[in-house]
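Just so we're clear, the structure is a prediction, and the values are computed from it rather than from any experiment. Residue numbers begin at 1 in each chain, while the letters A, B, ... track the order of the sequences.
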Amino acid sequence: MSEFLDGFKRTHHCGALRASDLGSEVRLVGWVQDYRNLGGFMFVVIRDRYGVTQARFAHENEALLEAANKLRAEWVIGIRGRVISRGENINSKLPTGEIEVDAEELRIFNRSAVPPFAIHDACDASEALRLKYRYLDLRRPVLNKNIVLRSKMTQIIRRVLEENDFLDLETPMLAKSTPEGARDYLVPSRVHPAAFYALPQSPQLFKQLYMVAGLDRYYQIARCFRDEDLRLDRQPEFTQIDIEMSFIEVDDIQNVCEAMIVSLFKELLDIEIARPFPRITWNEAMDRYGLDAPDTRFGMHLQDVSQILAGSEFKVFSQALANAGTVRAIAVPATINMSRKEIAYYEEIAKTYGAKGLAWAKLQDGALNGGISKFLSSDESKAIIEELALQEGDCALFVSDSVKIARTALGRVRKEIATRNELVGRELKSAADCGLVWVVDFPLFEWSDEDQRWYATHHPFTAPRAADWPALERKDYAKVYAQAYDLVLNGIELGGGSIRIHNIDVQSKVFEALGIDEQEARAKFSYLLDALQFGAPPHGGLAFGLDRLVMLFTGSESLRDVIAFPKTNKAADLMLDAPSEVSPEQLAELGIEIKKST
RNA sequence: GGGGUGGUAGUUGAGUUGGUUACAACAACGGCCUGUCACGCCGUAGGUCGCGGGUUCGAGCCCCGUCCGCCCCGCCA
């Protein structure tokens, strides 16, 4: 029996057979998913990426039956046979459902060692083991489908962008380390013993240079690298859908992106999304949701009750207010379980994000009861009931702290209440499940107490709003807002972008705000500063996280489920055993010596 | 950098107060079974309890160190 294809070409995909194929002769190739000898018959389920089909080996052909008896999981086989229907006997959960092939010929293309774990969607093997044998894990239908959807997604993105005259342009992977932002992955080179390339954190500056080069309307599905700690939704190596356009304003970029996103929803999920997407300012998002990536699918908005509690005798409140802090509150409907145990759970969430506690009170028999109610005057209670529009049984939650902490902590609690009580889910089944919103008008700068300096909220090349130029001139940095925008889906940032600075004077002022002096600016960004002097057009763009988009579209819990070969928490590849040590010769060539750590 | 949690057969887990030969299910291997799809029945084989050290007459269990997986905070312009 040949182990090579030897003329045995498949005529059909597994799982693609239909009732209309009944009686016809077919050839299928695939992996043995399951096999069973029963009553003298051999039943073998064959799997490929389209689904599964069951092959039956009848006892009339003894040699064939004997060969089929020896088949084991994950062997690569081919079947020639006739399509018969035994629908009543085949598990309807399988995609192919009702079709069975009566085998007349069996080809074994390759045998398989006993797999280290059973390859099916209910597989309970540890992720570490599955990562080591990633190519087997990827055979599981669920992961296989994620990767297929990823491919379909990039196809649609390319099509929509090319229809809109965008050019697919590449940018270097061996680039230059940048001072701001994430830690860089550095790359040494034999030719430059004391110098390093950096892998790009994003193609940001290159795409701007394409604009200066007159190649307006750029896109790239670009790999990016950041040497920071990982999360469930963060990998050190990830993919951006990177877009840049010239002679446009914020609306133009949003329009293109909306068209792209609408196509993705329509073609991949059959969901009609209305345009334009809602807009919310950053200030409004922070005030109502506490987060710059708001989940707009449900209410429970944050409210500022500082005014009401300005004279409060409750020390926690009065102290926070005395220190330029605030008291923020949300009203949790009575339908949600807010037992003391539950409140304690949410308090832990609040504490995680820096709050000292989570105060509460419930409306019972028309008055605030329990929790901190005894510290409130009757006027204060009344005003809070009114302000939060509390209904009987509702629970008010309060965080008092600095504005930053109060908003974040309560915003996270709000989100957790919704998740925990299944007010919202992860699956995107209809337009109502898709809380899309543009967050606009970000502050251009953020003050860092720790470093006692301003940082760029997005990046140092983001343009301020024209109206805020005077504030930038007079160095009133807190008042400068950016022409920047993020697209958020269900509380997850899909991507963000901005109009860039195309004027060298504005760029200098921004560098000045960031404490980057002219010498440093020249050392780090001379090419950009040069380019800005040679007729840079007004331009701007945006970048989406492709991995996160696939994660949301497939309802995956982890970014690792939508990246074919992902890294672990420590940024290791368990399959490659990377990173790994290199030979002394390699190091010597690079002029690198490894310090033995103590 | 910090907090939490886990590592026992190929896999997933149990393992009491530190005490005889470390247990179960699934998988594997052999046999039986004429329609199964979580098939069923009988049998066989399978272990450096992550690694190193310590305490003890005796350690999977207690102590110290270390490596690795997972979740989170910081970090991620």
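For A:Ser126, a side-chain nitrogen or oxygen approaches OP1 or OP2 of B:U12 to under 4.0 Å. Regarding contacts with the backbone of B:G69, a side-chain N or O of A:Thr568 is found under 4.0 angstrom from either OP1 or OP2.
Using a 4.0 Å heavy-atom criterion, one finds that A:Tyr35 contacts the sugar-phosphate atoms exclusively. At the heavy-atom level, A:Arg560 lies under 4.0 Å from the strands shown only through sugar-phosphate atoms. Looking at heavy-atom distances under 4.0 Å, A:Ser202 makes contact with a base. Nucleic acid contact class of A:Tyr353 (heavy atoms, under 4.0 Å, all strands): sugar-phosphate only. If you check every strand for non-hydrogen atoms under 4.0 Å, A:Pro116 touches sugar and phosphate atoms only. Note on A:Ala182: only backbone sugar-phosphate atoms sit closer than 4.0 angstrom, heavy atoms only; bases stay farther off. Contact annotation for A:Leu514: no contact, since no heavy-atom pair falls under 4.0 Å across all strands.
In this structure, A:Met42 places its CE atom 12 Å from P of B:C39, rounding to the nearest Å. The CZ atom of A:Phe117 sits 16 Å away from the C1' atom of B:A28 (whole-angstrom rounding). Rounded to an integer number of Å, the gap from A:Asn69 CG to B:C33 C1' is 12 Å. In this structure, A:Lys132 atom NZ and B:G50 atom P are separated by 16 Å, rounded to whole Å. In this structure, the CZ atom of A:Arg130 is 16 Å from the C1' atom of B:G10, given to the nearest Å. Atom CD in A:Gln33 sits about 19 Å away from atom P in B:U36, given to the nearest Å. Rounded to whole Å, atom C1' of B:U36 lies 10 Å from atom CG of A:Asn37. What separates CG of A:Asn569 from C1' of B:G4 is a distance of 13 Å, to the nearest Å.
Looking at A:Thr281 and A:Asp441, their side chains never bring a donor and an acceptor atom within 3.5 Å of each other. Residues A:Tyr481 and A:Asn283 bring a donor and an acceptor atom of their side chains to less than 3.5 Å of each other.
Around atom CD of A:Glu581, no more than 12 heavy atoms belonging to other residues, nucleotides or ligands sit under 6.0 Å away. Within 6.0 Å of CD on A:Glu518 lie no more than 12 heavy atoms contributed by other residues, nucleotides or ligands.
On the P atoms, B:A38 is 15 Å away from B:C26, given to the nearest whole Å. B:G54 and B:G6 have their C1' atoms separated by 23 Å, given to the nearest Å. Separating the P atom of B:A14 from that of B:U36 is a span of 35 Å, rounded to the nearest Å. Rounded to a whole angstrom, the distance from the P atom of B:A25 to that of B:C42 is 11 Å. When the P atom is compared between B:G47 and B:U11, the two are found 12 Å apart, to the nearest whole Å. Using P as the reference atom, B:G15 and B:C29 are 31 Å apart when rounded to the nearest Å. B:G10 and B:G74 have their C1' atoms separated by 40 Å, with the value rounded to a whole Å. When the C1' atom is compared between B:C71 and B:G19, the two are found 37 Å apart, to the nearest whole Å.
Base pairing of B:A28 is made with B:U44, judged by Watson-Crick or G-U wobble geometry with both donor-acceptor distances under 3.5 Å. With both pairing distances under 3.5 Å, B:G6 is matched to B:C68 as a Watson-Crick or G-U wobble pair.
With RNA chain B read from its 5' end, the first of the two nearest nucleotides for A:Pro115 and A:Ala572 is the one closest to A:Pro115. Across the interface with RNA chain B, nearest-nucleotide mapping of A:Ala571 and A:Gln204 shows A:Ala571 to be the residue nearer the 5′ end.
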Pair A:Phe43, A:Phe57 - check ring pair (Phe, Tyr, Trp, His ring centres under 6.0 Å), show working. CA-CA 6 Å; A:Phe43 299 97; A:Phe57 295 85; 9.1 Å; no
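Under 4.0 Å is where a charged nitrogen must lie from a carboxylate oxygen, and between A:Lys479 and A:Asp468 no such pair does. Between A:Arg18 and A:Asp21 there is no salt bridge, since no side-chain nitrogen of the basic residue lies less than 4.0 Å from a carboxylate oxygen of the acidic one.
Between A:Pro464 and A:Gln483, the shortest heavy-atom contact is O-NE2, 3.1 Å. When all heavy atoms of A:Ser558 and A:Met551 are compared, the closest pair comes out as C-SD, 3.6 Å. When all heavy atoms of A:Trp31 and A:Glu74 are compared, the closest pair comes out as CD1-O, 3.4 Å.
Within residues 222-240 of chain A, the residues approached by RNA chain B to less than 4.0 Å at the level of any non-hydrogen atom are A:Arg226, A:Glu228, A:Asp229, A:Arg231, A:Leu232, A:Arg234, in residue-number order.
Among the nucleotides B:A28, B:G69, B:U36, the one closest to the side chain of A:Glu100 is B:U36. For A:Ala125, taking side-chain heavy atoms from C-beta onward, the closest of the listed nucleotides B:C72, B:C39, B:U11 is B:U11. Among B:C75, B:A27, B:C73, the nucleotide with an atom closest to any side-chain atom of A:Arg183 is B:C75.
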